[in-house]
Amino acid sequence: MPKTLAGKLTPATRMGLSIAIAVGVYGISFGALSVTAGLTVWETCLLSALMFTGGSQFAFIGVIGGGGTGAAAWAAATLLSVRNGIYGMQLKALIRPPSRLIPVMAQLTIDESTATATAQDDRDERVRGFWTAGLGVWLTWNAFTLVGALAGDALGDPKQWGLDGAAVAAFLGLLWPRLTAKDPIATAIVAALVTIITVPLVPPGIPVLIAAAVTAAVWAIRRRRTAVAK
Amino acid sequence: MSILAWVLVGAATAFAIKLAGYLLPQSLLDRPPVTELAAAMTVGLLASLTVMNTVANGQSLAFDSRLLALGAAAIALKLKAPYLVVVLAGGLASALGRLCGLP
């Protein structure tokens, strides 16, 4: 074994594969939560195959499950996927991919593939990391989404199984690594408070958008202040 | 529009955003505001989604076993547990809460 497969693995491909397994399994909770939120198995699988950006997919079904409209679900999912555009710019700068590969790379551009690529030190390793994590997560994420969606119908009340708690943990797990300094922590607290205040006041799904708008406004004010201070 | 239509529109938008990143001129990336704002927005959105999933119940606030999930996940993250363990800890905590008769 070490001389065959394991021996051919580089640090980047090893990292990509472990991420693919860890993240993919969690597609089960997405699939199950999605059908619980009222989407069909078919719609659930389309989200994983085509939208393919976990945070946005959760936002989409979260809004629908809370009784929000399709338009509000779309808006929340879209706002949360803006960072993928930034990832694309970073990856282009780091890897300089040939243009024929760009459409496929774009589809595979997510938190995990970007993280695996940027964690490497040389270009070849970055390329290997990107493709292993990107393709790997796509395959496992879609397979486990289907398993979860089919199981979701069979499970009955998902709350009894703690699936709503799993979703809470999933979001906190995405947020946590970003809380590395005073500024992001302050941003997170403001967004959290705005959400708690607005949930009873506006239709489901809208609090997330208001929190996003307040986050942008606070960022703009801070930026202007530091510019003036200089 | 039907949910299926919004799923497809959402998927098309997500792909367009990803693709735009590769097609925008490099000079835009070099401007700090773009990356800074995107980083701030991501934190704000994820924080909002975390809270919404913890306490929102439609258009009202509900404090139930999901708070246990939040606590368990925070402890797991503090202990540097892998992502999957964090998700499982959250699910287990709220499942146990319900088993004990909490809402």
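Each chain gets a letter, A, B and so on, in the order the sequences are listed, and its residues count up from 1.
- Expressed to the nearest 0.5 Å, how far CG of A:L46 lies from CD1 of B:I3 amounts to 13.0 Å.
- Both the backbone and the side chain of B:T54 come within contact range of chain A, judged by heavy atoms closer than 4.5 Å.
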N/O donor-acceptor pairs under 3.5 Å from side chains in residues 173-202 of chain A, not counting sequence neighbours:
unit_1, atom_1, unit_2, atom_2, d
A:R178, NE, A:L174, O, 3.4
A:D183, OD1, A:R222, NH2, 3.4
A:T187, OG1, A:D183, O, 2.9
A:T195, OG1, A:A191, O, 2.6
A:T195, OG1, B:S48, OG, 2.8
A:T198, OG1, A:V194, O, 2.7
A:T198, OG1, A:T195, O, 3.3

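- Atom-to-atom distance recorded for A:Y87:OH and B:K18:NZ is 11.5 Å, nearest 0.5 angstrom.
- Using a 4.5 Å cut-off between heavy atoms, A:A216 touches chain B through backbone and side chain atoms alike.
- Neither the backbone nor the side chain of A:A77 comes within less than 4.5 Å of any heavy atom in chain B.
- B:L8 has its side chain within reach of A:L50: a pair of non-hydrogen atoms, C-beta onward, lies under 4.5 Å apart.
- Each of B:V86, B:L77, B:L92 has some count of heavy-atom pairs under 4.5 Å with chain A, and the biggest count is that of B:L77.
- Contact tally against chain B (heavy-atom pairs below 4.5 Å) for A:G55, A:G70, A:G66, A:A220: the top residue is A:G70.
- Annotation: side chain of B:L70 is in contact with side chain of A:L172 (closest heavy-atom distance under 4.5 Å).
- Taking 4.5 Å as the limit, some side-chain heavy atom of A:L39 sits within range of a side-chain heavy atom of B:V7.
- Atom OG1 of A:T109 sits about 12.5 Å away from atom CD1 of B:I17, to the nearest 0.5 Å.
- Atom CG of B:L49 sits about 10.5 Å away from atom CZ of A:F58, to the nearest 0.5 Å.
- Residues forming a side chain to side chain contact (heavy atoms under 4.5 Å, CB included) with B:L19 (at least two apart in sequence, or on another chain): A:I102, A:A106, B:F15, B:L23.
- Heavy-atom pairs under 4.5 Å with chain A were tallied for B:G44, B:A69, B:A73; the largest tally goes to B:G44.
- Looking at B:M41, both its backbone and its side chain come within 4.5 Å of chain A, counting heavy atoms on both sides.
- For the options A:I64, A:T69, A:L80, heavy-atom pairs under 4.5 Å to chain B are most numerous at A:L80.
- Ranked by heavy-atom pairs shorter than 4.5 Å toward chain A, the options B:N57, B:V55, B:L61 are led by B:L61.
- Contact detail for A:M51 and B:A14: the closest heavy-atom pair is CG-CB, 3.9 Å.
- When heavy atoms are compared at a cutoff of 4.5 Å, A:I21 does not approach chain B at all.
- Of the two parts of B:A81, neither the backbone nor the side chain holds a non-hydrogen atom closer than 4.5 Å to a non-hydrogen atom of chain A.
- Both the backbone and the side chain of A:S81 have a heavy atom closer than 4.5 Å to some heavy atom of chain B.
- Interface residue A:A71: backbone and side-chain heavy atoms are both found under 4.5 Å from chain B.
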Original post:
Between A:S99 and B:Y22, does a side-chain hydrogen bond (donor to acceptor under 3.5 Å, both in side chains) hold up when you go through it step by step?
Top reply: CA-CA 9 Å; A:S99 50; B:Y22 288 87; over 6 Å; no
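- In this structure, the portions of B:A40 lying under 4.5 Å from any heavy atom of chain A include both its backbone and its side chain.
- Using a 4.5 Å heavy-atom threshold, the side chains of A:D164 and B:S94 count as touching.
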